[in-house]
Amino acid sequence: MLTLRLPDGSRRQVAPGTRPRDVAEAIGKRLAQAAVAAKVNGVVVDLDRELPVDGQEEVAFQLLTDKDPEALDVLRHSCAHIMARAVMRLFPGAKLAFGPTIENGFYYDIDVTPPIREEDFPRIEEEMRRIIREAEPFERFERPTAEARALCADLEQPYKVEHIDDDLKQFPTLSFYRQGEFVDLCRGPHLPHAGKVGAFKLLSIAGAYWKNDASRKQLQRLYGTAFFTQKELDAYLTQLEEAKKRDHRLLGKQLKLFTISPAVGSGLILWMPKGAIVRGLLESFIKEELLKRGYQPVYTPHIGRLELYFTSGHFPYYRDAQFPPLHGHPLGAVVEQWLIRMHARQRGEGSLTAAEEEEYLAEVERKSADFPAAAYRAAADATQKMATLQDWLVKQDSYLLKPMNCPHHIQIYKAEPRSYRDLPVRLAEFGTVYRFEQTGELSGMTRVRGFTQDDAHLFVTPEQIETEMRANIDLVLFVLSSLGLSDYRVRVGLRDPKSDKYVGSDEDWATAQRILVDIVKGLGMTYSAEEGEAAFYGPKIDFVVRDCIGREWQLGTVQLDYNLPKRFELEYIGPDNKPHRPVMIHRAPFGSMERFMGILIEHFAGAFPLWLAPEQVRILPVSDRFAEYGRKVEAELRARGFRVSGDYRPDKIGYKIREAQLDKVPYMLVVGEKEQSAGTVAVRERSAGDLGAMPVAELLARLDQEVRERRIRK
RNA sequence: GCUAGCGUAGCUCAACGGCAGAGCACAGGUUUUGUAAACCUGCGGUUGAGGGUUCAAGUCCCUCCGCUAGCUCCA
């Protein structure tokens with residue numbers, strides 16, 4: 001016998017071979033009806049899966065109904081199967097890859113020719129509805145792995161075969177689910193039958209690479225969502241619509257905060273006057289804080305010698321993601337391409353044949369007398385050849401639009417001898433950088449090609465690392481909390497041990513990663529440590545937020561770096577009168593002004609708090625006759641430093657209020673007969689509405705305090 | 001970069017392969033107004049660009065540009 005411990009604490013003895021469905025039926029008819037799946041010792045299983053029998057004294061047992069979040073996952077997973085089944089019926093020969101649930105729904109990756117298009121959705125959905133009406137059960141069965149592989153081959157599902165070969169060989173048996181004619185390799189669990197799917201909708205279609213690898217075939221990913229009831233689905237879709245109204249791209253246009261002109265270029269933000277006010281205030285806010293925290297502001301140019309970025313490693317590493325260099329020699333671009341391809345070949349990416357190498361050599365020899373072709377030919381190996389090319393290239397006075405500020409700040413550090421007494425040196429700059437992001441990545445203000453980081457680089461002794469790292473995390477938290485941004489997660493980005501894209505020694509990485517993890521642990525922060533999320537020169541702590549449609553973006557970041565100090569041979573003189581190597585900390589509390597602004601617009605839905613609002617107060621005279629009094633109040637407020645305007649058009653007051661509300665002006669001051677004679681203003685607050693009349697002095701005191709506190713209201 | 005979709009007036013959107021339209025905004029006028037839209041008149045377009053098919057293209061085809069979602073990338 002097996003003892004089940006139910007959620008209410010009671011215990012129940014069952015015979016071996018009992019299924020959750022039997023337990024549900026024994027408990028009650030309604031529960032048996034409502035049950036979707038069961039949770040046994042924390043693992044969600046099918047209702048028809050036999051309960052374990054051996055070696056367990058007692059198992060935790062819970063029946064899941066549509067009230068349980070795990071049940072929704074089961075429902076969506078089953079709905080993904082139903083969608084795949086419908087696609088297989090309508091598109092014979094479709095090959096299935098992966099079909100998991102995701103946060104708000106599910107997808108299935110499918111390889112089908114010709115491709116599925118959105119206009120196919122109605123008939124796929126129709127077929128899915130038919131399958132749901134038929135309410136056939138999902139039947140689980142297992143096969144030894146070799147047989148499972150043969151079955152997938154029989155089903156003509158090559159991706160499933162490959163999946164078994166690559167990832168599942170170590171399991172003795174594999175499970176399948178059958179639903180009528182449809183059989184799919186799947187871990188489960190599933191609904192008892194398709195009829196449990198109350199409501200679903202196909203949402204979108206997109207390309208997705210097989211196994212997330214851009215070098216492999218691109219499949220079609222069909223996204224959908226499902227719920228137990230139509231009402232829940234409708235609520236979700238309404239919520240999506242509502243969220244879209246907060247989109248910074250929409251609000252940015254409506255509120256005239258920023259624009260992007262194809263004439264200037266994709267991904268290049270043009271800050272309009274109102275957006276510029278908000279940005280300026282944010283910059284002042286953080287500058288003030290930086291001075292308090294011992295930072296030294298610096299300014300550096302937008303371009304730098306190409307050699308600088310060879311030294312830092314940025315140029316060869318990120319060549320494709322940068323605007324092309326400005327070459328000082330007509331052959332610069334040729335040699336650059338040549339060199340980059342040599343780099344790629346050495347990393348095992350791309351190809352460069354000996355014949356192509358010869359073509360490059362012939363071309364530069366023909367066109368340029370000063371190219372050291374002999375030295376190139378005499379070079380012992382590829383590394384030496386690359387050195388020859390690089391030496392020539394950097395001598396030609398080529399420049400790069402800076403993709404990072406660190407090399408410039410490093411030169412400021414190096415401009416004078418440094419003593420341990422000077423450290424930490426904290427150099428801060430709103431540094432504008434340019435990166436040639438892929439077209440498909442560009443998105444409003446959140447992913448752009450030119451942006452300004454609220455950047456700083458700290459040069460510290462090893463002993464100072466922890467204190468400075470903590471101080472910077474504190475700064476990020478201060479910034480976020482000052483703006484009421486509380487919905488973020490902390491990510492510790494670690495090196496992917498399987499990748500060779502990182503620079504620096506294993507020891508340095510181990511040390512740096514340990515320090516970071518210790519710090520976030522020490523601060524008691526909830527974090528996720530993620531391999532592969534480090535910068536190529538060091539691990540980092542990122543503060544990640546979501547935009548209005550659920551995408552995650554990195555805002556603040558604090559990064560530890562042992563590598564650039566080595567590459568640039570940075571030093572300070574220690575108490576022992578000997579040179580030592582400093583450690584660098586890269587950090588940006590906002591991340592970039594552009595991205596931060598985008599997120600902030602969505603966070604406030606465009607309704608900035610008073611201290612940030614581009615227009616803080618608008619005067620609304622009831623009629624022309626009170627315009628003069630209105631202008632007087634306006635002048636008074638402006639003299640006190642408020643950003644104020646007046647709407648003196650001959651329109652009705654309701655219309656002016658509507659416009660001011662839509663412009664999300666925090667305070668509207670209605671002035672008419674009563675106010676003019678009493679020397680007051682009728683105050684209307686953006687969200688609270690009519691606050692009644694008050695003397696101008698009283699209003700000023702109120703506004704002053706609200707700004708001083710940087711008060712945030714939602 | 002890749003897959004799918006989209007691009008019409010400043011904005012939001014209509015128009016079967018057959019006369020390019022509406023609302024808002026804007027301008028002029030009337031109204032002199034009390035807490036989210038007064039009324040009248042007017043202006044506004046090489047339908048993203050270029051090429052092609054057709055008697056006829058906003059609509060069909062091709063190339064490019066831009067945008068959206070996702071994938072890959074993200075110092």
Side-chain angles (χ1 to χ4, degrees), chain A residues 102 107 109 115-121 203-223 244 247 249-250 253-254 256 260-263 265-267 309 312-315 317-318 320-322 402-407 433 435-444 446-448 453 455 493 501 503 533-538 540 542 549 551 553-554 557 559 561 563-564 586 588 595 620-627 649-662 668-675 682-686 689-693:
Chain A
I102 48 174
Y107 67 76
D109 287 347
I116 295 171
R117 308 190 321 164
E118 270 183 46
E119 63 188 43
D120 298 318
F121 280 4
L203 295 175
S204 64
I205 199 161
Y209 299 103
W210 168 233
K211 297 206 168 182
N212 292 336
D213 182 346
S215 68
R216 303 209 206 199
K217 179 152 190 184
Q218 192 165 43
L219 314 172
Q220 287 200 288
R221 179 167 293 177
L222 269 63
Y223 285 91
K244 279 186 190 163
D247 193 315
R249 292 164 295 191
L250 187 70
K253 185 184 275 185
Q254 277 172 11
K256 298 184 179 163
I260 300 171
S261 163
S266 296
Y309 300 95
S312 72
H314 289 110
F315 182 69
Y317 191 82
Y318 289 109
D320 291 341
Q322 291 172 74
K402 72 177 169 183
M404 286 285 285
N405 299 303
C406 22
V433 297
R435 300 177 184 175
F436 193 76
E437 305 288 2
Q438 300 179 76
T439 49
E441 287 303 339
L442 300 175
S443 180
T446 45
R447 191 78 186 265
V448 294
Q453 298 174 311
D455 209 359
K501 70 172 190 175
V503 298
E533 291 294 328
F536 78 99
Y537 50 71
K540 54 183 185 152
D542 293 329
I549 53 176
R551 290 181 294 202
W553 301 100
Q554 172 194 315
T557 182
Q559 314 178 348
D561 178 8
N563 292 301
L564 288 181
H586 309 235
R595 180 175 289 178
L620 308 177
V622 168
S623 87
D624 278 359
R625 292 192 286 127
F626 313 108
R649 294 174 302 177
D651 274 304
K652 297 184 76 162
I653 188 67
Y655 181 79
K656 294 182 189 178
I657 286 171
R658 178 184 151 78
E659 292 234 311
Q661 287 283 157
L662 291 175
M668 288 151 265
L669 305 183
V670 177
V671 293
E673 186 67 51
K674 285 176 288 193
E675 290 74 21
V683 180
R684 183 188 165 96
E685 201 271 336
R686 181 174 56 198
D690 192 354
L691 301 180

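Naming convention: chains lettered A, B, ... in sequence-line order (proteins, then strands); numbering from 1 in each chain. Note that the structure is predicted; figures quoted are calculated from it, not measured.
Proximity of Arg649(A) to the phosphate of rC26(B): a side-chain N or O atom is located under 4.0 Å from OP1 or OP2. For rA75(B), the OP1/OP2 oxygens have no side-chain nitrogen or oxygen of Arg435(A) closer than 4.0 Å. One finds a side-chain N or O of Ser266(A) lying less than 4.0 angstrom from the OP1 or OP2 phosphate oxygen of rC67(B). Between rG70(B) and Arg551(A), a contact under 4.0 Å exists linking OP1 or OP2 to a side-chain N or O. Distances shown here put a side-chain N or O of Lys501(A) below 4.0 Å from the OP1 or OP2 atom of rC74(B). Regarding contacts with the backbone of rG70(B), every side-chain N or O of Ser204(A) stays at 4.0 angstrom or more from both OP1 and OP2. Phosphate contact (OP1/OP2 of rA25(B), side-chain N/O of Tyr655(A), threshold under 4.0 Å): present. Of the side-chain N and O atoms in Arg249(A), one or more sit less than 4.0 angstrom from OP1 or OP2 of rA69(B).
Gln661(A) contributes a side-chain N or O that, together with a main-chain N or O of Arg686(A), makes up a donor-acceptor pair within less than 3.5 Å.
How far CD of Gln220(A) is from CD1 of Ile116(A): 5.5 Å, rounded to the nearest 0.5 Å.
Among the heavy atoms of the strands, none lies under 4.0 Å from Lys256(A). Using a 4.0 Å heavy-atom criterion, one finds that Gly440(A) contacts the bases of the nucleic acid, with or without backbone contacts as well. At the heavy-atom level, Ile653(A) lies under 4.0 Å from the strands shown only through sugar-phosphate atoms. Among the heavy atoms of the strands, none lies under 4.0 Å from Tyr107(A). The residue Leu442(A) sits close only to the backbone: its heavy atoms come under 4.0 Å of sugar-phosphate atoms, none of a base. Lys540(A) comes within contact range of the sugar-phosphate backbone alone, with a heavy-atom separation under 4.0 Å but no base atom that close. Across all strands shown, Asn212(A) has heavy atoms under 4.0 Å from sugar-phosphate atoms exclusively, and none from any base. Contact annotation for Ala682(A): base contact, defined as any heavy-atom pair under 4.0 Å involving a base atom. Using a 4.0 Å heavy-atom cutoff across all strands shown, Arg117(A) reaches sugar-phosphate atoms only and no base atom.
Of the P atoms belonging to rA57(B) and rC16(B), the separation is 16 Å, rounded to the nearest Å.
Evaluation of atom-type donor-acceptor distances gives a pair under 3.5 Å for the side chain of Arg447(A) against the base of rC74(B). Side chain Tyr209(A) to base rG70(B): no donor-acceptor pair is found below 3.5 Å. If you check distances only, the side chain of Glu437(A) never reaches the base of rG1(B) with a donor-acceptor pair under 3.5 Å. The base of rU32(B) has none of its N or O atoms less than 3.5 Å from a complementary donor or acceptor on the side chain of Arg625(A).
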Salt bridge (charged side-chain N to carboxylate O under 4.0 Å, His left out) between Arg117(A) and Glu119(A), intermediate numbers included: CA-CA 5 Å; Arg117(A) 308 190 321 164; Glu119(A) 63 188 43; 2.7 Å; yes

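Heavy-atom nearest nucleotides on RNA chain B were determined for Asp213(A) and for Glu659(A), and the one closer to the 5' end corresponds to Glu659(A).
Taking the six-membered ring where tryptophan is involved, the planes of Phe536(A) and His314(A) are perpendicular, since the angle between them exceeds 60° and thus also 30°.
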Structure string for RNA chain B in dot-bracket form, Watson-Crick and G-U at under 3.5 Å, | interchain: (((((((..((((....[..)))).(((((.......))))).....(((((..]....))))))))))))....

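Side-chain contact check for Gln554(A) and Arg595(A): no donor-acceptor pair (N or O, by modelled atom type) lies under 3.5 Å. His586(A) and Asp561(A) share a side-chain donor-acceptor pair at under 3.5 Å. With hydrogens and angles left out, the side-chain atoms of Gln559(A) and Tyr537(A) include a donor and acceptor closer than 3.5 Å.
Of the candidates rG1(B), rA75(B), rC71(B), the closest approach to any side-chain atom of Gln322(A) belongs to rA75(B). Side-chain proximity of Pro650(A) to the nucleotides rU35(B), rU31(B), rA75(B) is greatest for rU31(B). Residue Asp624(A) has its side chain nearest to rU32(B) when only rC71(B), rA75(B), rU32(B) are considered.
With Tyr107(A) as the aromatic partner, Arg221(A) meets the cation-pi criteria of under 6.0 angstrom to the ring centre and within 45 degrees of the ring axis.
Side-chain contact between Lys656(A) and Pro621(A) is present, with heavy atoms from C-beta onward closer than 4.5 Å.
Stacking here means ring centres nearer than 5.5 Å and ring planes tilted less than 30 degrees, and by that measure Tyr318(A) stacks onto rA75(B).
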